[in-house]
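Working notes, beginning with the structure itself.
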Amino acid sequence: MTEIEVISGWIAPKARVLDLGCGDGRLLQHLWLAKQAPGYGVEIDDAHVLECIRNDVNELQMDLEDGLSAFRDGSFDSVILSETLQAIHRQEPLLKDMLRVGREAIVSFPNFGRWDVRLQLALGRMPVSPELPYQWYNTPNVHLFTIADFESFCSGHGIRVLERVTLHRGRPVRTFANFFGSLAVYRFEKRR
């Protein structure tokens, strides 16, 4: 099971989708083909913007750190932030903005609470793994957090988690997810 499959399973047919930090647009392309879900991508990297154009994906070049003021309230059914949250400096305003412009939101992130990450830290080294492939000096990750941290954040910020899937190398992790999962994928909404 891939992250794209998890996300696609949560997207309704013909849903309006906004993919933040969309990279080359592969997820939006998949959602269009599988769900006929029209979408827009937001990306800052020039090379990824060109890939989006080549992949025939509607894309806007914007810096997520500036927020989502270009979008009206309730413009989308789902707003997605895939493996980007840990690279955002101002996470709280962005998550709030995601729930302002979308009915619900989906985020995924590498879990810094996984056992092998903890072991590397205990041995005095910054963690490197397939999910965290960077060295300490060249990582784009500015906030290191765990599944437990994210759930605590949601609880304290009026966010209701609808679903969570935790993966490790393409397999779902159902027991001790914060200890054995390497990638967490969440679907959530504003608490009513």
Side-chain angles (χ1 to χ4, degrees), residues 1-12 15 17-24 26-31 34-35 48 64 78-92 94-96 98-99 102 104-191:
M1 173 180 280
T2 67
E3 176 187 2
I4 287 179
E5 291 170 330
V6 172
I7 293 171
S8 182
W10 291 340
I11 302 295
V17 177
L18 178 63
D19 185 6
L20 305 174
C22 68
D24 62 8
R26 192 174 316 148
L27 174 60
L28 284 170
Q29 189 178 52
H30 174 83
L31 292 174
K35 303 283 183 136
H48 285 139
L64 295 177
S78 294
V79 180
I80 301 167
L81 185 67
S82 173
E83 296 188 56
T84 304
L85 186 59
Q86 72 281 356
I88 298 293
H89 287 91
R90 299 174 53 236
Q91 296 170 320
E92 183 178 359
L94 181 60
L95 289 168
K96 286 181 179 178
M98 289 172 69
L99 291 172
E104 62 181 39
I106 297 171
V107 287
S108 65
F109 55 87
N111 176 30
F112 288 87
R114 186 172 152 74
W115 72 269
D116 55 339
V117 172
R118 295 177 193 209
L119 179 61
Q120 288 179 62
L121 285 169
L123 294 173
R125 302 297 303 250
M126 287 304 291
V128 176
S129 70
E131 298 78 25
L132 302 167
Y134 301 98
Q135 297 294 326
W136 66 269
Y137 52 85
N138 67 357
T139 184
N141 301 320
V142 294
H143 290 288
L144 313 180
F145 57 99
T146 69
I147 289 170
D149 291 326
F150 185 74
E151 290 183 2
S152 176
F153 174 88
C154 290
S155 175
H157 287 83
I159 295 172
R160 181 174 161 246
V161 173
L162 300 170
E163 294 183 76
R164 177 189 84 191
V165 172
T166 307
L167 301 170
H168 180 65
R169 296 191 179 146
R171 290 192 157 125
V173 176
R174 291 181 175 84
T175 306
F176 299 112
N178 196 41
F179 194 72
F180 292 116
S182 55
L183 181 72
V185 190
Y186 282 83
R187 184 171 75 94
F188 56 92
E189 66 183 7
K190 275 189 232 180
R191 193 176 298 129

Within a strict 4.5 Å, meaning less than it, do heavy atoms of the [X] and [Y] side chains meet?
X    : Y    : result
L121 : M126 : yes
L123 : Q120 : no
F180 : T166 : no
D116 : P127 : no
I11  : I106 : yes
S78  : R187 : no
E104 : L162 : yes
D19  : L31  : no

With no hydrogens and no angle check, is any side-chain donor or acceptor of [X] less than 3.5 Å from a backbone partner on [Y]?
X    : Y    : result
S182 : L167 : yes
Q91  : L85  : yes
T84  : S82  : yes
K35  : A15  : no

>> Tell me the closest heavy-atom pair linking N111 and G181, and the distance in Å.
In response: ND2-O, 2.9 Å
Determine whether more than 12 heavy atoms belonging to other residues, nucleotides or ligands lie under 6.0 Å from atom [atom1] of [X].
X    : atom1 : answer
R90  : CZ    : no
F153 : CZ    : yes
R191 : CZ    : yes

>> Set out, in order, the CA-CA distance, both residues' side-chain angles and the distance that settles side-chain contact (heavy atoms from CB on, under 4.5 Å) for L64 and L81, then state yes or no.
In response: CA-CA 10 Å; L64 295 177; L81 185 67; 3.9 Å; yes
> Pairs in or reaching into residues 123-138: which pass salt bridge (charged side-chain N to carboxylate O under 4.0 Å, His left out), with residues at least two apart or in two chains?
Replying inline: none
> Under the salt bridge (charged side-chain N to carboxylate O under 4.0 Å, His left out) rule, what pairs show up with a residue in residues 134-152, not counting sequence neighbours?
Replying inline: E151-R164
>> For the NE2 atom of H143 and the NE2 atom of H89, what is their distance to the nearest 0.5 Å?
In response: 6.5 Å
>> Applying the side chain to side chain contact (heavy atoms under 4.5 Å, CB included) criterion to I88, which one of L20, N141, L94 satisfies it?
In response: L94
> Among H168, E83, R114, whose side chain to side chain contact (heavy atoms under 4.5 Å, CB included) with L183 holds?
Replying inline: E83
> Residues two or more places apart in sequence or in another chain: which of them pass ring-ring contact (aromatic ring centres under 6.0 Å, His included) with Y134?
Replying inline: none
